Structures are given as C-alpha cells and as structure tokens.
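Read the structure below first, then the notes.
No hydrogens, no waters, no symmetry mates; every other heavy atom, side chains included, goes into these values. Atoms within a ligand are numbered from 1 in the order they appear, just like the ligands themselves. Values in this document were obtained by computation on a predicted structure and should not be read as measured data. Starting from 1, each residue takes its place in the sequence as its number.
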Amino acid sequence: MRGSATPGGTPPPNPPGTHSGMWFGGDYNPEQWDAAVWAQDDVLMREASVNTATVGVFSWALLEPAEGRFEFGWLDAVLDRLHANGVRVILATPTASPPPWFTLAYPDAMPVTRDGTRLWHGSRDTYCAAAPSYRRAALRIAGELARRYAGHPALAMWHVHNEYGTRCWCDHAAAGFRRWLRARYGDGDHGLAALNEAWGTAFWSQRYSAWEQILPPLATQYLPNPGQDLDFRRFWSDELLAAFTQQRDVLRQNSPGIPVTTNFMGPDHLVVDAWSWAREVDVVAVDHYLSSAGPRGLADIAFCADWARSVGGGRPWLLMEQAPSVVIENGLMVHREPGRMLRDSLGYVARGADSVLFFQWRASRSGAEMYHPALVPHAGPDTRIFAEAAELGAVLRRLAGVAGSVVTADAAVLVDTDSRWALESRGLPSPHVRHLDVARAAHAALWRSGIGCDIAAPDADLSRYRLVVVPAVYLLTDAAAATLRRYTDGGGHLVVTFCSGIADESHRIRIGGYPGALRDILGIRAEEFHPLPPGTTARLSAATPTGAHGNLWTERLRAEGAEILARYADGVLAGLPAITRHCYGTGTAWYLSTLPDDDALDALLLEAASAAGVRPALPGAPPGVCVTRRHGNGARSWLFAVNHSDRAATLPAVGVDLITGREVTGTLELPPHGVAVIRDA
Ligand code: GAL
C-alpha cells in the first residue's frame with residue numbers, strides 16, 4: 001500500500017495563486033502556425049472567454065535546437081501576446097519529448113522495452129527517466145525556462161513534463177532498481193535475505209546470492225515472480241517521481257511563488273501511484289479522456305472527478321485536459337451529442353474542478369494528432385464545436401465565485417495502487433478481476449443513487465466516513481487491515497467485496513482461509529475461489545432483487561458469525577452464502593463474494609448507506625439528474641444540477657441560478673439536458 005493524502009475533513013487551504021476564478025482554455029501550440037493565425041487566435045480567445053493557455057508542452061526542439069543553445073525569442077512573443085490578451089499561461093517544461101539531437105548524443109538514454117527492444121525518436125516520450133544524461137538535460141532546460149520566465153506577468157503555473165508514464169527496462173533502470181531495493185530491504189546479506197523472503201525465491205530456484213544478480217522483470221520463459229514485478233512497479237513510480245521533484249525543485253528555486261504541477265493521467269493510469277505523487281504537487285491536475293460517449297462515460301466523469309479531488313486531499317483540482325467533442329471508442333472517433341461539452345464539463349466542476357481545459361485550442365493540420373478534436377476545429381470558428389466552447393466559456397465566467405470551494409462526502413470507495421499492480425500479475429485465479437473495475441462499479445452504484453463519494457487509500461484516516469467500500473483491495477498491509485478493523489469496531493459501516501485482503505504487502509497469501517486480513521471483521525471464511533468465465537453469471541437467491549445475478553467471481557464461503565443475506569442458487573455452490581452481514585464491535589461489515597448486477601448492487605449499497613445514515617445530496621432527485629454541492633467559506637454553497645435525461649425535471653431549490661441569472665424560489669425547473677448552478681440565497 002502506498003502512502004496517501006487524506007481526503008475528507010476540512011481540506012487544507014489552496015497554495016497561493018493556484019485558484020482564482022474558473023480557468024478555461026487548454027493546450028496552445030502556436031508554433032505550428034503563422035502570425036495571421038495568431039491574430040485570429042487572439043480574437044477567438046476573447047470571443048470564447050478563454051483565460052488560460054498551456055504552452056510549450058512539446059517545444060524542446062524549438063527551445064534548444066542544439067545542445068546548450070537556447071532560443072527563447074519566439075516563446076517570449078507568445079507569452080507577451082497572451083498576456084496582452086488577458087490569458088494566463090501554464091508554462092510546461094518540454095521534457096516529455098527530447099529532440100532528435102538528444103538521441104544521437106545519448107543513445108543509452110533511449111528507452112528499452114521488457115523484451116530488450118530499444119525505441120527511437122520519431123514519436124514522443126522517447127527517453128528513459130532513469131538515464132543520467134536525460135535527467136541532466138531535462139534539468140538544464142527546466143532551469144533555463146525558470147530563470148527566463150520567473151518574472152513574466154503571464155506566468156501562472158508550471159506544468160512539469162507531460163503525463164509521466166513511460167516505462168523502461170534498460171541497464172540504467174536495472175541499476176536504479178537495485179539501489180531502490182537496497183533502500184527498501186536493507187543493504188548487505190541481511191537485506192538480501194529479506195528480499196528473498198519477500199519475493200518467495202525459495203520456489204523455482206530463484207534465490208539471489210548477490211545484489212548484482214537482480215534484474216528488472218525482463219521477458220522470461222514462463223510466469224514471472226510476482227514480488228519482483230510488484231517491487232519494480234513501485235520502484236518505477238518512485239523513479240519517475242524523483243524525475244518530477246528534481247525539476248519541481250529547480251523551478252521553485254528559480255521562480256519562487258509560482259505553483260508547480262504535472263498532469264496526471266486520471267484514475268485508469270497504471271504506471272504511477274497517484275497517492276504519493278499528489279503530495280508532491282502544489283495542485284492536482286488531471287487529464288481525462290472518456291472511452292465511452294454513452295452513460296458509462298457519465299459515470300466515469302464522476303469517478304475521475306471524485307478521484308482527482310480525493311488524491312489531492314479534498315482540495316479543488318485542475319482539469320488539465322479533456323477532448324472537446326470526440327470520444328475514441330474502439331478506434332473510432334465518436335462525437336458526443338450537442339450540449340455535452342457544457343454538461344460534461346460541469347460534471348467535473350460540480351465535483352471540485354476549478355478549471356476546464358482542453359487538448360487543444362486549434363486543430364493541427366499535420367502531425368500525429370492532426371485529427372484530434374480541438375476548440376477551433378479544422379472547419380474554423382463558424383462551427384457547432386466553437387459555439388459550444390464559447391457558451392461554456394461564458395458560463396464559467398459566471399461561476400468564478402465557485403472557485404476554491406470544496407465538496408465533502410460521507411461515503412468513500414477505497415482505491416489502492418498496490419492492489420491494482422498485484423492484480424496485474426499472471427497466474428492469479430482470474431485474469432478478469434481488476435481492482436479499478438470493481439471500485440468503479442461500486443462508485444457508479446453510489447453515483448446512480450445520488451450519494452456523494454470520496455475515493456480513499458486503505459491507510460487513510462477513515463474515521464470521518466460513515467460508509468466505506470473495499471472493492472477488490474487484494475493486497476492489504478497489517479496496518480491497513482488494522483485501520484479497517486478500528487473503523488468498523490468504532491461504528492463504521494464497511495462493505496467488502498471478493499478479492500480483498502487476500503495478500504500481504506509483498507504479495508504473499510495470508511493463509512488459513514480467505515480473506516486472511518478481514519475474516520474476523522466479516523465473520524466469514526472462504527476456502528475456494530470459483531471465478532466465473534466471461535459472459536457467465538451465478539444466480540443469487542433471496543434478499544437481492546428478483547433475478548439478481550453475480551458476475552466475475554464466486555467462492556465457497558462459510559459464515560462464521562455473519563448473517564447470510566443471499567445464497568448461490570445453482571451449481572456446485574448452490575445453497576452456500578453469497579452475500580453476508582456481520583456486526584463487529586459497534587459497526588457492521590457486509591461481504592459480497594460476487595459482483596451483483598447493477599440493480600442488486602445499487603440496492604445493497606443503498607441499504608448499507610441508509611444503515612450508515614448516508615443520504616443522497618438531494619433526496620428524491622429524479623433519475624438521470626446529477627446533483628452535487630460545493631461549499632465555500634461560511635454558509636455559502638452552490639448546488640449543481642445536470643439533467644442527463646431527455647425528460648424535464650423539477651427539484652427543490654432556493655437561490656440564484658448562475659447560468660440563467662434567474663431567482664429560484666422553491667422549485668427549479670430543469671429542461672431535458674438542462675443544467676443549473678444555484679447559489680444559495
Ligand atoms: C494527452 C496528451 C496530449 C495529447 C492528448 C490527445 O494524453 O497529454 O499531449 O496527446 O492526450 O488526446
């Protein structure tokens with residue numbers, strides 16, 4: 001389990017300068033265009049109320065055309081022009097794409113894949129973050145930028161690199177891995193013995209007798225060692241983090257007072273541990289690209305936004321990138337229907353985002369992403385997309401006062417990086433169980449019921465939550481298990497799913513019956529796993545809505561003190577418990593040995609929520625209408641209502657609708673697909 005920021009409670013104040021009004025705009029790559037286009041950009045940015053541009057993300061080759069020779073004139077002009085136009089700049093360090101001269105000078109810094117293939121320039125992200133020559137070059141350009149632009153009036157924030165997430169298995173990575181392992185397990189024979197024990201190297205003749213024998217998990221003959229794989233993932237997240245913090249520190253030294261961030265790739269991203277990274281940035285910034293234009297996409301927006309807010313300890317966060325209109329579904333570019341730019345964007349803002357930024361401002365006419373959507377499409381500004389962008393910009397101007405306000409929740413779903421990584425191992429009972437899928441299913445069930453939800457790490461302070469869901473948190477440290485035990489004992493309501501608490505922090509099974517870390521809290525014991533093949537389900541008996549089925553996983557379970565709420569109805573497990581509830585201390589713990597269908601999961605979590613005294617943000621809100629609340633200083637708050645359905649809806653509300661400017665005196669009428677942001681009177 002990785003360290004965590006603590007969501008919930010009163011979030012710490014924002015670092016100065018990170019939030020002022022709603023930031024609107026996105027990546028701006030003017031180096032692709034000429035002066036006539038820049039002049040049009042200025043006009044259109046004003047027209048669309050753009051106030052923020054992220055600049056220089058991939059500009060290394062232009063800024064340093066030869067090693068040690070810097071050309072900043074063009075960037076000076078861009079920043080001056082944006083400033084004159086009232087646009088603040090998030091200035092990136094361009095280190096995600098080293099120029100071709102770098103490859104030729106330092107071929108050893110090119111990344112190597114697990115099977116030993118070295119990658120070359122011709123795309124982007126071709127570097128190994130553990131290569132000393134890369135780190136030196138990255139620090140040098142970051143330092144030059146910081147010294148040059150420290151006092152520039154347009155500079156609002158530093159954006160280090162772009163989407164840290166590349167991996168490498170080269171010799172530099174191997175050396176770094178061995179250093180990291182020595183720090184973790186201790187140097188010398190004692191440390192090596194601890195490593196052998198943690199990785200279970202007694203099996204298959206893998207015992208290491210010298211540190212030099214240890215390699216990254218390279219391509220090998222059969223199943224790799226799960227402990228080695230897990231530690232390499234941990235090491236690599238820390239190695240990338242060190243690359244980030246080095247740049248951050250150079251920027252901080254040379255331009256004091258300017259906040260520093262980097263753009264995380266959203267909850268799905270598997271390479272870095274967001275909990276430990278979030279502690280190192282001045283503000284959490286997240287890129288989010290939907291993979292479904294339909295209802296799953298809406299639930300995903302809520303999940304990503306709750307995650308982004310929570311990894312940052314509950315503070316407002318920045319939506320650094322999203323796509324203006326298109327979702328890539330199985331390789332196809334699918335347009336979201338008209339109106340979604342506003343509705344989807346408010347979905348993030350309602351859950352704590354203080355910005356709506358896009359990739360990118362103007363669609364490129366060449367290069368690898370020339371078909372990527374943009375606020376100014378190829379067809380120009382006389383288009384639906386630009387009109388929607390301008391409408392969104394106008395709305396966000398009216399929401400300036402919302403910036404800095406927070407969202408609180410009484411329920412939390414746990415998300416744990418180590419469990420995600422461990423469940424990626426081969427040789428587990430099912431390759432189809434992914435921690436984040438189960439977390440997302442639980443979150444979506446609460447979302448459908450209108451229940452506000454944080455995301456929390458298993459070792460966070462959970463005491464402020466009334467309901468905590470533990471979704472396939474496969475790997476639990478003793479300390480985290482103790483936290484869950486204390487939480488339940490003290491009156492908490494805990495819902496645990498299958499595949500939780502099975503392994504310890506080295507990915508060794510906790511023996512004596514599953515789930516070893518949580519059996520006592522749950523009052524159950526499982527002795528066999530029966531994972532379900534894709535496309536098959538297990539029928540469940542009573543206490544779940546008629547016809548409910550379990551998906552993904554089942555197990556041979558016995559109740560040891562727990563009450564049985566539902567049983568398996570057919571097959572070899574017929575009659576055995578499927579869903580249980582147990583009183584532990586002054587709290588209650590549910591166990592789901594399978595993943596119920598949506599309806600049954602909704603009903604179960606709603607029942608647990610009401611037992612815990614957790615209520616929806618607006619009880620009785622019509623289906624399809626998402627309602628959330630942001631709280632400002634004092635008693636001020638804003639109610640966000642987004643109608644995703646094609647039916648008109650009415651809700652109780654009093655205040656001023658900042659979107660229409662109208663006063664609402666008791667009942668808010670929301671048209672189909674309408675949105676409202678009600679500032680309390
Ligand atoms: C992001 C990336 C951008 C752009 C965008 C396209 O992941 O940061 O540079 O490539 O994807 O969707």
Side-chain angles (χ1 to χ4, degrees), residues 23 25-33 52-63 89-99 121-127 129 138 157-167 240 243-244 247 261-272 274 277 281 284-293 297 300-301 304 307-308 317-336 340-341 344-345 348 353 355-378 385 389:
W23 292 17
D27 279 53
Y28 182 44
N29 297 304
E31 55 268 45
Q32 303 173 85
W33 304 100
T52 307
T54 307
V55 173
V57 180
F58 292 108
S59 303
W60 197 344
L62 292 189
L63 291 170
V89 168
I90 300 176
L91 186 55
T93 65
T95 53
S97 201
H121 67 247
S123 178
R124 68 183 206 193
D125 300 303
T126 36
Y127 59 87
M157 185 173 287
W158 289 107
H159 173 301
V160 175
H161 199 87
N162 189 63
E163 297 187 333
Y164 276 101
T166 52
R167 300 183 74 192
L240 289 178
F244 165 75
Q247 282 201 45
T261 193
T262 183
N263 47 344
F264 297 170
M265 273 189 265
D268 290 278
H269 181 54
L270 199 57
V271 174
V272 302
W277 276 66
V281 296
V284 164
V286 175
D287 298 350
H288 193 227
Y289 289 90
L290 293 185
S291 53
S292 157
D300 232 31
I301 289 174
C304 172
W307 174 87
W317 55 282
L318 296 177
L319 176 63
M320 190 60 96
E321 290 180 25
Q322 63 164 330
S325 62
V326 159
V327 166
I328 316 273
E329 282 185 7
N330 305 320
L332 280 189
M333 293 188 176
V334 177
H335 272 276
R336 290 184 245 186
R340 282 281 297 272
M341 196 188 290
D344 289 359
S345 298
Y348 298 103
S355 72
V356 177
L357 302 170
F358 293 85
F359 183 87
Q360 61 176 329
W361 163 250
R362 181 182 282 279
S364 304
R365 81 174 142 214
S366 57
E369 294 190 327
M370 61 191 162
Y371 283 105
H372 196 282
L375 295 176
V376 183
H378 289 145
I385 291 175

- Query: With atoms numbered from 1 as shown, which atoms in ligand 1 lie under 4.0 angstrom from a non-hydrogen atom of Asn162?
  - Reply: 2 (C), 8 (O), 9 (O)
- Main-chain N/O of His161 paired to His159 side chain as donor or acceptor, under 3.5 Å: yes
- Does Arg124 approach ligand 1 within less than 4.0 angstrom via side chain, backbone, both or neither, non-hydrogen atoms only? side chain
- Task: Tell me whether the centres of the aromatic rings in His372 and Phe359 are closer together than 6.0 Å.
- Result: yes
- Message: Heavy-atom distances under 4.0 Å decide this one: backbone, side chain, both or neither, for Val57 against ligand 1?
- Response: neither
- Side-chain heavy atoms of Asn162 within contact of Glu321, under 4.5 Å: yes
- Closest to atom 10 (O) of ligand 1 (heavy atoms only, candidates His372, Glu369, Met265) is Glu369
- Query: Backbone, side chain, both or neither: what part of Asp287 comes under 4.0 angstrom of ligand 1, heavy atoms only?
  - Reply: side chain
- Message: I need the His269 NE2 to Asp287 CG distance, nearest 0.5 Å.
- Response: 10.5 Å
- Flag side-chain contact, heavy atom, 4.5 Å: Val356 against Tyr348: no
- Among non-hydrogen protein atoms, atom 5 (C) of ligand 1 lies closest to Tyr289 OH, 3.3 Å
- Task: Number the atoms of ligand 1 from 1 as they appear, then name those within less than 4.0 Å of a heavy atom of Phe58, with their elements.
- Result: 9 (O)
- Selected option - heavy-atom contact closest to atom 3 (C) of ligand 1, from Gln360, Met320, Glu163, Glu321: Glu321
- Query: Have His121 and Thr126 got a donor and an acceptor in their side chains that come within less than 3.5 Å?
  - Reply: no
